[in-house]
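Because the structure is a prediction, the values reported are computed rather than measured. In what follows, every heavy atom counts, from backbone to side chain, and hydrogens, waters and symmetry copies are set aside.
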Amino acid sequence: ADQNWRRIGKDPSAIASHGPQVLSGANQKRQLHAAQRTAIAHRFNAFVQRNAGQKRFVFLGFRDLLNHVAFARPERNFQPRARHRLREGAGPRPALGARMTTLTLKPGSISLSDLRRISRGDDAVALTEGWRRPVEAALAAVRARLAAGESLYGINTGFGKLAKTRISDDELATLQLYLMRSHAAGVGAPFADTTVRLVLVLKAASLARGFSGVRAVVIERLLALVNAGIHPVVPSQGSVGASGDLAPLAHLSLALIGEGRVRVQGKEQDCAPALKAAGIEPLELGPKEGLALLNGTQVSTALALEALF
């Protein structure tokens, strides 16, 4: 068994043929999850080697993938699958078709199989009941501290060297708007619609955990874009800093306020008429909401997931 286990560590494909025999006994589930992680690591390392020298949003995402994705159900098939490469000229991705079913996700507990289904499929996406309670509690906490006159970084102050500059209450929404516009400065070929769809869902699920202080309507609008088949045009090259994928997430978030460009059924167009045709009202950002939308590694995580899938 030890010899076979070492074989699995060197060759993830060995899990498919040796897994049931090796992973037996009381610790089967724990060992199988460890084997899954080993397989993911080998696939990810191979992906990095193939894309050496190219600036991709993958490293933070792989960390988040291991730390936050729920390994609720063991995958049965680790055989290599055909992948759609992330490089330019790799060919078109599968088109999204008519939505037939609804996939309901629990924030903070989304399985790999669910994420694969989101990436490859065209199901409508919803969140489990009760997700609004922690979101509204976090929002109430932010509003209470603002009402008390506290200085809150990025909410009623400037950013970076302007952190000590106080922003007046009537300009808090404008601050968030300017933050989003200023960071939407990515370049390069846009991500595929399927990648953007996965990022939208990951961002909505992250905000729905109730740690960001945004209104529930922000999360609802993100899912509305997914379910309407509206995919923001997100350039594939941009900033990846300590705060996350700032530039690509800024491009993604522009669609919520009716700005930027989007793709609908494979055709690129201005965002405002696309939202109007889908019956989606553009948002006016509230305090902290631009900051919450830009912070995060959902683009990195989506690319790491696509490397796995």
Side-chain angles (χ1 to χ4, degrees), residues 57 60-61 64 68 107-108 125 127 131-132 134-136 138-139 141-143 146 152-160 167 171-186 190-191 195-228 230-235 238-262 271-272 275 280-303:
F57 309 103
L60 286 174
D64 288 352
H68 299 299
V125 178
L127 300 177
W131 67 267
R132 287 179 177 81
V135 171
E136 291 169 353
L139 177 61
V142 171
R143 288 175 171 173
L146 283 173
L152 304 175
Y153 176 77
I155 302 177
N156 58 6
T157 73
F159 302 94
I167 308 299
E171 292 183 317
L172 298 186
T174 303
L175 175 67
Q176 302 301 309
L177 176 63
Y178 286 176
L179 173 69
M180 185 179 296
R181 287 175 174 171
S182 67
H183 282 71
F191 288 120
T195 303
V196 174
R197 169 180 162 83
L198 189 54
V199 176
L200 285 168
V201 174
L202 289 170
K203 172 55 74 174
S206 175
L207 296 178
R209 299 187 68 181
F211 302 130
S212 302
V214 303
R215 296 169 296 164
V217 68
V218 176
I219 300 163
E220 292 169 350
R221 288 292 196 279
L222 287 167
L223 294 180
L225 294 178
V226 173
N227 295 334
I230 299 175
H231 305 97
V233 174
V234 180
S239 59
V240 180
S243 295
D245 307 328
L246 304 181
L249 287 176
H251 283 280
L252 184 94
S253 303
L254 281 179
L256 295 176
I257 61 174
E259 297 185 8
R261 302 278 288 177
V262 298
C271 180
L275 293 185
I280 301 174
E281 289 288 333
L283 284 178
E284 180 177 344
L285 296 174
K288 197 181 183 299
E289 290 179 347
L291 196 64
L293 286 165
L294 267 61
N295 282 344
T297 56
Q298 286 76 38
V299 177
S300 304
T301 303
L303 289 174

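Interatomic distance, CE of M180 versus CG of L249, reported as 10.0 Å (0.5 Å rounding). For the atom pair CG (L252) and CG (L200), the distance works out to 4.5 Å, reported to the nearest 0.5 Å. In this structure, CG in L246 is found 6.5 Å from CG in N295, a value given to the nearest 0.5 Å. A distance of 11.0 Å separates OG of S253 from CD of Q176, quoted to the nearest 0.5 Å. Between E289 atom CD and L294 atom CG the span is 12.5 Å, to the nearest 0.5 Å. Taken to the nearest 0.5 Å, the NZ atom of K288 stands 11.5 Å off from the CG atom of L179.
The two residues P235 and G186 come nearest to each other via the heavy atoms CB-C, 3.6 Å. In this structure, L175 and T157 approach most closely via the heavy-atom pair CD2-O, 3.4 Å. Residues V218 and L293 approach most closely at CG1-CD2, 3.9 Å, considering heavy atoms. When all heavy atoms of P282 and G258 are compared, the pair lying nearest together is CB-N, 4.0 Å. Between A204 and L223 the shortest heavy-atom distance is CB-CD2, 3.8 Å. Here the closest heavy-atom approach between residue L202 and residue A302 is recorded as CD1-N, 3.9 Å.
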Step by step, would you call L127 with I219 a side-chain contact (heavy atoms from CB on, under 4.5 Å)?
-> CA-CA 10 Å; L127 300 177; I219 300 163; 3.8 Å; yes

Intermediate values then yes/no, side-chain contact (heavy atoms from CB on, under 4.5 Å), L146 and V142 = CA-CA 6 Å; L146 283 173; V142 171; 4.2 Å; yes

After noting the C-alpha distance and the side-chain angles of R132 and E220, does the key distance pass the side-chain contact (heavy atoms from CB on, under 4.5 Å) rule?
-> CA-CA 10 Å; R132 287 179 177 81; E220 292 169 350; 2.6 Å; yes

V262 vs L225, side-chain contact (heavy atoms from CB on, under 4.5 Å): CA-CA, chis, key distance, verdict = CA-CA 10 Å; V262 298; L225 294 178; over 6 Å; no

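Qualifying salt bridge (Lys or Arg N to Asp or Glu O under 4.0 Å) partners for R143, counting only residues two or more places apart in sequence or in other chains: none.
Each of L256, I257, I280 was checked for a side-chain contact (heavy atoms from CB on, under 4.5 Å) with L275, and the lone residue meeting it is I280.
The environment of Y153 atom OH is dense: over 12 non-hydrogen atoms of other residues, nucleotides or ligands sit within 6.0 angstrom.
The shortest side-chain heavy-atom distance between V135 and L207 does not fall under the 4.5 Å cut-off.
In this structure, H251 contributes its side chain and A185 its backbone to a donor-acceptor pair below 3.5 Å.
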